[in-house]
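Below, chains carry the letters A, B, ... as their sequence lines are ordered, and counting in each starts from 1.
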There are 2 protein chains.
Amino acid sequence: MIEFPPESRPKLIACNVPDMVPTVPVSVDLVVLTVRSQALCALVWRRDHPPYTGCWALSGGFIKLDEDLPAAAERVLAERAGLPGAPVHLEQLQTYGYPDRDPRERVVSVAYLGLAPDLPASTEAHMSWRAVAELTEMAFDHRRIMLDGIERARAKLEYTSLGAAFCPPEFTVADLRRVYEIVWGRPLDPRNFHRKVTKAEGFLLPTSHTTTRDGGRPAKLYRRGPAELLHPPMLRSLKE
Amino acid sequence: MIEFPPESRPKLIACNVPDMVPTVPVSVDLVVLTVRSQALCALVWRRDHPPYTGCWALSGGFIKLDEDLPAAAERVLAERAGLPGAPVHLEQLQTYGYPDRDPRERVVSVAYLGLAPDLPASTEAHMSWRAVAELTEMAFDHRRIMLDGIERARAKLEYTSLGAAFCPPEFTVADLRRVYEIVWGRPLDPRNFHRKVTKAEGFLLPTSHTTTRDGGRPAKLYRRGPAELLHPPMLRSLKE
DNA sequence: TAAATAGTGTCTATTAGACAGTATCGT
DNA sequence: ACGATACTGTCTAATAGACACTATTTA
């Protein structure tokens, strides 16, 4: 790639539109999901100014002039979502650019999906975890973005090891199963689930620790393994 | 959604950056793939002006002020890629926003993936189909974008019926199998493939037509069925 | 002891992969 | 007839789903 110092860059001349290349603000919006209190939750804040005053909104922010998109997402996660340095898996979700999605001015928004363990929401950043089932009235097209993020998360649990991103650093097979059950919204057979995830190469790394429990046999604790893709995948069957 | 006529829209005031919201040109770039001459090919043109003079490039264009992203992709497909009205499956791929990806000025590019049957490339638009294996030197980050598109296409053949998007309206099971073989780059057993796709509910709609051939039994012709997702998916095994 | 949770083994129906064999065309 | 391609059936190994059973803790 040829390098230009920023101030000396020649201005862009598009082939068929040499004079008029419209520019728009580009924002990054974050769908941060977690599993807590037996529900799939999203990290949101309540808007206190127009438009959409009182509605729940995703955390977001505008990209800076020389900032990469992943860097912008990390910055929004730290500064706006109030989760600096948290172990959140971030990946680009989709870009939303319908002209009237922000009534004030056209904004193109690159949405990122974040999968997080059950972290405390930052009161300083005025964020809170809300069950996604109750987030029916949201600002802008944030409900659509959130639903797209949830569907991506559901699909990714099938063929990747990302379910562990919802868990703390050390977790039990039952913890992981509850993540799958809540994200997919259906019960899974504990014994078959156990067999599957422990036999999937690179999914779980055993540790020497166990849990202490109110009753019942202590469970082995595992860490996330190196595998990103699962072969074969954990398919949601069609039944039910 | 509250409606404002465009001219009366209040300007955007971001929470923490009330004065300075940088704006950037947003483009749409198209990775249009097809299968022809036993190879996976991409629709590209050879740049005749700087930067990257002489390099192959994807077709692209800037979004207009009040144009939706899918509409921009359709317009670029028609006007720049030279495929107006063609039966091309278009879906958003990913957004690329690294600040120096265009050496002239920062451009955020929303890439779309297009899957097309074997159509003639428009000479008027100076486009041509090139085998992706030979597209090693491309302009900007277009090679990375193309590779991301190819990987998306490979994955989508597993769990959707999109392989048929590479075929003409009526096609044989062998046609479809050759698509899979070329996109995945590995031979498939014709008999097992036949069994799988004909038994997958909603994948193929039988017609009353058959092919005429140079030799060999004529094959039944099928049309794309209504199913979008395949249950169970056609998994690429790990072998080989 | 009972209750609760963790983990293992076993059976069966389904499926993937391999491949023999049949069907129907052109020459 | 023969080669070529389309299609069907069959065997086997692997897997998913169902579920009986054992293991280890707290109360």
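- Separating the CZ atom of A:Arg178 from the P atom of C:dA6 is a distance of 6 Å, rounded to the nearest angstrom.
- In this structure, A:His194 reaches the C:dT8 phosphate: one of its side-chain N or O atoms is under 4.0 Å from OP1 or OP2.
- What separates CG of A:Asp189 from C1' of C:dA13 is a distance of 16 Å, to the nearest Å.
- If you find the closest nucleotide of DNA chain D to B:Lys220 and to A:Asn192, the one lying nearer the 5' end belongs to B:Lys220.
- Remark: C1' of C:dT15 and NE2 of B:His231 are 16 Å apart, rounded to the nearest angstrom.
- Minimum atom distance to the side chain of A:Lys196 is reached by D:dA16, of the listed D:dA16, D:dA6, C:dA16.
- Looking only at atom types and distance, the side chain of B:Asp29 has no donor-acceptor partner in the side chain of B:Tyr96 under 3.5 Å away.
- With hydrogens and angles left out, the side-chain atoms of B:Glu91 and B:His89 include a donor and acceptor closer than 3.5 Å.
- Residue A:Leu235 contributes atom CG, which lies 10 Å from atom P of C:dA16 at whole-angstrom precision.
- With rounding to whole Å, A:Met234 atom CE is found 13 Å from D:dG17 atom C1'.
- For the pair B:Leu69/B:Tyr112, a side-chain contact is recorded, criterion being any heavy-atom separation below 4.5 Å from C-beta on.
- When the side-chain hydrogen bond (donor to acceptor under 3.5 Å, both in side chains) test is applied to B:Glu74, no partner is found at least two apart in sequence or on another chain.
- Heavy-atom nearest nucleotides on DNA chain C were determined for A:Arg195 and for A:Ala219, and the one closer to the 5' end corresponds to A:Ala219.
- Side-chain atoms of A:Thr160 and A:Leu230, non-hydrogen and from C-beta on, never get closer than 4.5 Å to each other.
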Below 3.5 Å is the cut-off: list the nitrogen or oxygen pairs between protein and nucleotides 21-27 of chain D, distance only.
| unit_1 | atom_1 | unit_2 | atom_2 | d |
| --- | --- | --- | --- | --- |
| D:dA23 | O4' | A:Arg217 | NH1 | 3.3 |
| D:dT24 | O2 | A:Arg217 | N | 3.1 |
| D:dT25 | O2 | A:Gly216 | N | 2.8 |
| D:dT26 | O4' | A:Asp214 | O | 3.2 |
| D:dT26 | O3' | A:Asp214 | O | 3.1 |

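- C:dT15 atom C1' lies 19 Å from atom CZ of B:Arg236, rounded to whole Å.
- Close placement of the B:Phe193 and B:Tyr180 rings is indicated, their centers lying within 6.0 Å of each other.
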Inset, instruction - Under the side-chain hydrogen bond (donor to acceptor under 3.5 Å, both in side chains) rule, what do A:Ser109 and A:Ser27 come out as? Steps first, then yes or no, please. - result: CA-CA 5 Å; A:Ser109 180; A:Ser27 72; 3.2 Å; yes

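- Rounded to whole angstrom, the span from the CZ atom of A:Phe193 across to the P atom of C:dA6 amounts to 12 Å.
- The OH atom of A:Tyr180 sits 13 Å away from the P atom of D:dG17 (whole-angstrom rounding).
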